[in-house]
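This report concerns only the one structure given below.
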Amino acid sequence: METGSGSADSWPTEFWHQLDDGRVVCDVCPRHCRLREGKRGACFVRMAEHGRIVLTSYGRSSGFCIDPIEKKPLNHFYPGSSVLSFGTAGCNLGCKFCQNWSISKSREIDTLGATAMPEQIARAAKASGCDSIAFTYNDPVIFMEYAMDCAQACHALGIHSVAVSAGYICDAPRQAFYRQMDAANIDLKAFTEHFYHKICSGHLAPVLDTLLYLRHETRVWFEITTLLIPGENDSPAEIAAMCRWLMDNLGPDVPLHFSAFHPDFKMMDTPPTPPATVLQARRIALEAGLHYVYVGNMFDEAGDSTYCPGCGQRVISRNWYALGDYDLTETGCCKHCGFHLAGRFTAYQGSFGRRRIPIQIHA
């Protein structure tokens, strides 16, 4: 194995091993792609070259945009702040409902029209007033070397790093990757192996392992998102089972977001999620004992706001990413009763709101 500098089209990586027959196995994710010379893995961006695995998308992005942190979604990580978001191409899962499929399912490196090295991204985030950068749109575990270097460059300037991921990663790279992350949103796509196999071409267990690792072995702040798809993962029984597992294994303080599905990619014939289904899921989660449960991809200010587990008062009101009343101290304590909410907080500077600002990054 080797790491180090290289060209953006051929960046050395660490997590792989060779087979006796000449193939190289990528050890980043549970797919363990076995590649002949010149062949790419299922993610498309990791490739066998000269008996090793290289990353072909280092320093190249599908574009940069400044977003509200709530859009990731992260509701308890410096609420109201802005984040510089970007992704690359490819993905290591095969979700039929992917809502970023033009990026994550791309087989064209030309998708990566923006070029920026880690130090440039860090400087751009600082100049734009962003508190964080987010690796999003496609899963950062497949471009982990680029993401980790960007995170280190940002940390040098006091900027946080956020991973928006499906959590489909093996143990050793998981440790290396999250060592550089300050926060994450993990997409828990369902709570059955059948769904992961049938709809995502993956497995559930590695995702649960990531959640357990983040909760018990790191200080990374993380939240969870589940997209509810009619007839696939939205039954009350499955939602209740998932919430029981979260309570038993992660505790009540990891925020959970239920999002409404809209037809996309290979599931155009599946109807949108009724708002009542999302609200029912939220009720089930709250009844299971989870403290912070939110709704997404639909308008419901009550379901998008934060309530104090101590006194029940609303302490952050939200309306499509825009924050209204804010009744927390700079340390995250409720101004009504003094209860300390889980999360990462600082003195509130106001809400970035619903803006989405594309930017160009130049050397």
Side-chain angles (χ1 to χ4, degrees), residues 1-63 86-94 102-122 133 135-154 161 163 165-181 201-203 206 210 361 363:
M1 301 183 185
E2 70 179 276
T3 58
S5 61
S7 70
D9 294 329
S10 184
W11 196 269
T13 69
E14 178 180 357
F15 297 103
W16 51 268
H17 69 275
Q18 294 176 324
L19 298 177
D20 292 340
D21 64 5
R23 289 180 296 171
V24 187
V25 181
C26 179
D27 294 321
V28 166
C29 91
R31 301 186 78 94
H32 293 295
C33 294
R34 301 184 175 206
L35 305 176
R36 297 284 184 187
E37 180 70 17
K39 298 298 183 181
R40 296 175 181 268
C43 67
F44 180 64
V45 298
R46 305 181 83 84
M47 182 177 76
E49 180 183 87
H50 305 313
R52 61 182 183 172
I53 298 293
V54 298
L55 175 64
T56 62
S57 60
Y58 192 102
R60 303 178 68 181
S61 169
S62 55
F86 68 98
T88 61
C91 188
N92 60 337
L93 286 175
S102 62
I103 295 173
S104 65
K105 304 307 177 186
S106 175
R107 288 295 183 267
E108 298 292 337
I109 287 293
D110 289 344
T111 300
L112 307 179
T115 301
M117 298 304 280
E119 292 75 14
Q120 294 172 257
I121 293 172
I133 62 168
F135 314 109
T136 182
Y137 308 138
N138 69 319
D139 203 304
V141 303
I142 68 170
F143 60 93
M144 60 179 293
E145 294 79 10
Y146 184 32
M148 291 163 61
D149 287 351
C150 288
Q152 289 182 338
C154 284
S161 56
S165 171
Y168 204 61
I169 187 171
C170 294
D171 184 58
R174 179 189 292 129
Q175 295 180 41
F177 179 73
Y178 284 106
R179 197 175 296 128
Q180 304 300 331
M181 299 299 133
S201 301
H203 300 284
T210 294
I361 293 182

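Predicted, not measured: the structure shown is a model, and the values here were computed from it. Excluded from the calculations below are hydrogen atoms, water molecules and symmetry mates; all remaining heavy atoms, backbone and side chain alike, are included.
For R23, the side chain to side chain donor-acceptor pair (under 3.5 Å) partners are D21, not counting sequence neighbours. Scored by the side chain to side chain contact (heavy atoms under 4.5 Å, CB included) test, P206 finds P30, Y168, H203 as partners (sequence neighbours excluded). E49 meets the side chain to side chain donor-acceptor pair (under 3.5 Å) test with S10; sequence neighbours excluded. When the side chain to side chain donor-acceptor pair (under 3.5 Å) test is applied to Q175, the partners found at least two apart in sequence or on another chain are D171. S161 meets the side chain to side chain donor-acceptor pair (under 3.5 Å) test with H155, D182; sequence neighbours excluded.
By the 30° and 60° cut-offs, the orientation of the rings of Y58 relative to W11 is parallel.
Within the 4.5 Å cutoff, the side chain of P118 has no heavy atoms near those of the Q152 side chain. Here the side chains of Y146 and I121 are in contact, with some heavy-atom distance below 4.5 Å. Inter-residue side-chain proximity for F177 and S165 is flagged as unmet; no heavy-atom pair is nearer than 4.5 Å. Here the side chains of N138 and F143 are in contact, with some heavy-atom distance below 4.5 Å. Side chains of M47 and I53 form no contact here, defined as non-hydrogen atoms less than 4.5 Å apart.
Here SG of C170 is found 10.0 Å from CZ of F15. Values are rounded to the nearest 0.5 Å. Remark: N92 CG to C26 SG distance equals 9.0 Å, nearest 0.5 Å. If you take CG on L55 and CD on E14, they are separated by 13.5 Å, rounding to the nearest 0.5 Å. Residue S61 holds its OG atom at 11.0 Å from CZ of F135, rounded to the nearest 0.5 Å. In this structure, CE on M144 lies 7.0 Å from CZ on R46, to the nearest 0.5 angstrom. We find the CG-CD1 distance between D139 and I169 to be 8.0 Å, quoted to the nearest 0.5 Å.
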From CA spacing to verdict: side chain to side chain contact (heavy atoms under 4.5 Å, CB included), V24, H17: CA-CA 6 Å; V24 187; H17 69 275; over 6 Å; no
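A donor-acceptor pair is defined here as one N or O able to donate and one able to accept, closer than 3.5 Å; no such pair exists between the side chain of Q18 and the backbone of V25. Under the 3.5 Å distance criterion, the side-chain polar atoms of Q120 are left unmatched by any main-chain donor or acceptor of I361.
For V45 against S57, the heavy-atom pair with the smallest separation is CB-OG, 3.8 Å. Here the closest heavy-atom approach between residue E37 and residue G51 is recorded as OE1-N, 3.5 Å. Pairing each heavy atom of L35 with each of K39, the nearest pair is CD1-O, 3.6 Å. The two atoms that bring M117 and G59 nearest to each other are SD-CA, 3.9 Å, heavy atoms only. Between R31 and L93, the shortest heavy-atom contact is NH1-CA, 4.2 Å.
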